[in-house]
Student: 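Dropping the structure in here first, questions after.
Just so we're on the same page: letters track the sequence lines, and every chain starts at 1.
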Number of protein chains: 2
Amino acid sequence: MSQQRNERPGGSASRPARSAAGLPANGSPAHGLSDRGAPLSELPDLPEATVARLPEYLRALHVLAERGDDVVSSEELAHAAGVNSAKLRKDLSYLRSNGTRGVGYDVGQLIDKIEHVLGLNQHRAVALVGVGNLGQALAGYGGFGSRGFHIAALFDVDPARIGDRIAGLPVRHIDDLAEVVALERIAIAVIATPAHAAQTVTDALVDCGVTSILNFAPCVLSVPENVDVRKVDLAIELQILSFHEHRKATLTALPEAIS
Amino acid sequence: MSQQRNERPGGSASRPARSAAGLPANGSPAHGLSDRGAPLSELPDLPEATVARLPEYLRALHVLAERGDDVVSSEELAHAAGVNSAKLRKDLSYLRSNGTRGVGYDVGQLIDKIEHVLGLNQHRAVALVGVGNLGQALAGYGGFGSRGFHIAALFDVDPARIGDRIAGLPVRHIDDLAEVVALERIAIAVIATPAHAAQTVTDALVDCGVTSILNFAPCVLSVPENVDVRKVDLAIELQILSFHEHRKATLTALPEAIS
DNA sequence: GCTTGTGAAACGTTTCACAGCC
DNA sequence: GGCTGTGAAACGTTTCACAAGC
């Protein structure tokens, strides 16, 4: 059982397993072989930081599209997504960019491209494990459908909860995991169990073939290297804010040095 | 109203306002003045990436402490926190480190130090705005107390909800925000409203003097530069996972090049 | 003229590798 | 002998600034 790589800068994720066997270890495929030999839609090996921002661009684009805009400049879009325009342009350039100089980007086209790169063409079925407080809230959250996902199954261990319906879905016993995952072709799971159960659940998920996990339990998960884990920990987010509060407080306590 | 800086690499936060007035703009205070003149506990200007990991170390340390360990090596602690040991040691070295060579770190001492740096000595009061699905789940989450926070007040706009009690706390109307924030000395707020309400709520919070916001609404917030915003967006996390799923799928479709 | 696309510089973060110390 | 602390190298990301193109 290999160990979780939890090294993402911003503080909440692990990474995919690059360079498994004898790969060059630095990104670029040494001598042009296979480099851009892809038919049409090959993934140009995006930087992780870019990948993490594409969904935000996508959200902003949908807002623009709804407003009826069909062209947007890097400046506008960057503003709407909360980044600066140079970064946005660089990010989009990795997608074999398709803006028009002097004009901007075609909103619809850009939406299609980003959705394609993120693999959102097919709606993805997600399993949710743990229907406590948080799990129920996540199950009830309506916003997924429009963003490429649907929760296809709910699981718990508590016999008292099995059979309950939440947002129209029955809660199933975790023993049914393998069956349902296969049936619904589930590759992504959300863990909303207490920390002490999370590793056991993870092992079960991995055994069923789930290869992406979003973990809300406050603990580190061990997974094989082909499995991706991202983590969301509420208390950690608050603690990071606390640090900045603390710093702001001490900065204003011992005051100015310039004026 | 200045714009949100939402530039954190890992994909979910904005940054504190550095270099407000005539500061040198690069980190170090040009000529030794004030540099390490601090009394005892001065914050050594930690890298953001380090700040984001300290809470994870803290969590892991608490687990160790509960097990009765009182010394831990960088290797062990790093493993428990899901990072590698070099990174851990570098991170701890910014805290004017206090491990013992050949031995390891004192668990209790390290907990104290990290808690102090994060400003967790005082329990921090947090306001939660929006008691829908997610808001209720957050309000009911018991794990805060042990990690330095307590939810001190709940707010909503929906008249039907005002007066309800959730986890022992009454839901108050958002018009009472200023009063309660002052009374409870609240500096941190969590936004769990729909996206369309989030900016209005943010403006109200900022007006009351709140300077840190954790935003669960899927939108970008505009805040003055002294206010920190971190963002958690479920759908974005799933979309990032989707990208990696997509990539894994296409990698196994057009298979090996080495063997 | 205005906006994209992009090399190159600047910056931040991680990893290496080993000296320093117990 | 074993583990910490840390310069220096490697790597990744952001920003700058301007050439290319509509």
Student: Of all heavy-atom pairs between A195(A) and C219(A), which one has the smallest distance, and what is that distance?
Tutor: O-SG, 3.9 Å
Student: Between dT6(C), dT13(D), dT14(C), which one does the side chain of S93(A) approach most closely?
Tutor: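 Between dT6(C), dT13(D), dT14(C), the one nearest the side chain of S93(A) would be dT6(C).
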Student: Among Q122(B), E115(B), R124(B), which residue satisfies the side-chain hydrogen bond (donor to acceptor under 3.5 Å, both in side chains) criterion with S242(A)?
Tutor: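 So the option named by the test is R124(B).
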Student: If you only use heavy atoms from C-beta on, which nucleotide in dC16(C), dT4(C), dG5(D) is closest to the side chain of R89(A)?
Tutor: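 So the side chain of R89(A) is nearest to dT4(C).
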Student: Salt bridge check: are K248(B) and D228(A) linked by an N-O gap of less than 4.0 Å?
Tutor: yes
Student: Roughly how many Å is it from OH in Y94(B) to P in dG7(D), rounded to a whole number?
Tutor: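 Spelled out: OH on Y94(B) to P on dG7(D) is 10 Å.
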Student: When you compare the side chain of R247(A) with that of H244(A), does any pair of heavy atoms fall below 4.5 Å?
Tutor: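 H244(A) reaches R247(A) side chain to side chain.
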Student: L46(A) has an atom CG; how far is it from atom C1' of dT13(D), in whole Å?
Tutor: 14 Å
Student: Please name all residues satisfying side-chain contact (heavy atoms from CB on, under 4.5 Å) with V190(B), sequence neighbours left out, ordered by chain then number.
Tutor: L238(A), V126(B), L128(B), L138(B), L214(B), F216(B)
Student: Provide, to the nearest angstrom, the distance between the CG atom belonging to L88(A) and the P atom belonging to dT14(D).
Tutor: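 For the pair L88(A) CG and dT14(D) P, the rounded distance is 12 Å.
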Student: Taking N or O atoms only and anything under 3.5 Å, show me the protein contacts with nucleotides 1-3 of chain C, one pair per line.
Tutor:
unit_1 : atom_1 : unit_2  : atom_2 : d
dT3(C) : O4'    : G102(A) : N      : 3.0
dT3(C) : O2     : G102(A) : N      : 3.1

Student: Without decimals, in angstroms, what is the distance between E75(B) CD and dT15(C) C1'?
Tutor: 14 Å
Student: Can you tell me the distance, in whole Å, between the CZ atom of R96(A) and the P atom of dG5(C)?
Tutor: 13 Å
Student: Taking CD from E48(B) and P from dC11(C), how many angstroms apart are they, rounded to a whole number?
Tutor: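 Checked: the CD to P distance equals 17 Å.
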Student: Within this structure, what is the CD-CD1 distance for the pair E245(B) and I188(A), rounded to the nearest 0.5 Å?
Tutor: 5.5 Å
Student: At under 4.0 Å, does any side-chain N or O of R53(A) touch on OP1 or OP2 of dT14(D)?
Tutor: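 So the side-chain polar atoms of R53(A) do come within 4.0 Å of the phosphate oxygens OP1 or OP2 of dT14(D), strictly under.
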Student: Report which part of the nucleic acid D91(B) touches: base, sugar-phosphate, or nothing (heavy-atom distance under 4.0 Å, all strands).
Tutor: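 Answer is nothing: D91(B) stays at 4.0 Å or more from every strand.
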Student: How long is the line joining CG of N98(B) and P of dT6(D), in whole Å?
Tutor: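 The answer, rounded to whole Å, is 11 Å.
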Student: dA17(D) C1' sits how many Å from K87(A) NZ, rounded?
Tutor: 18 Å
Student: Using every non-hydrogen atom in the two residues, find where G119(A) and H246(B) come nearest and quote the distance to one decimal.
Tutor: CA-CG, 3.6 Å
Student: Please state whether the phosphate of dT14(D), meaning OP1 or OP2, lies under 4.0 angstrom from any side-chain nitrogen or oxygen of N84(A).
Tutor: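 False: N84(A) side-chain N/O out of range (4.0 Å or more) of dT14(D) OP1/OP2.
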Student: Below the 4.0 Å mark, does dT14(D) have OP1 or OP2 next to a side-chain nitrogen or oxygen of K90(A)?
Tutor: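 So the side chain of K90(A) is outside the cut-off, no N or O lying under 4.0 Å from OP1 or OP2 of dT14(D).
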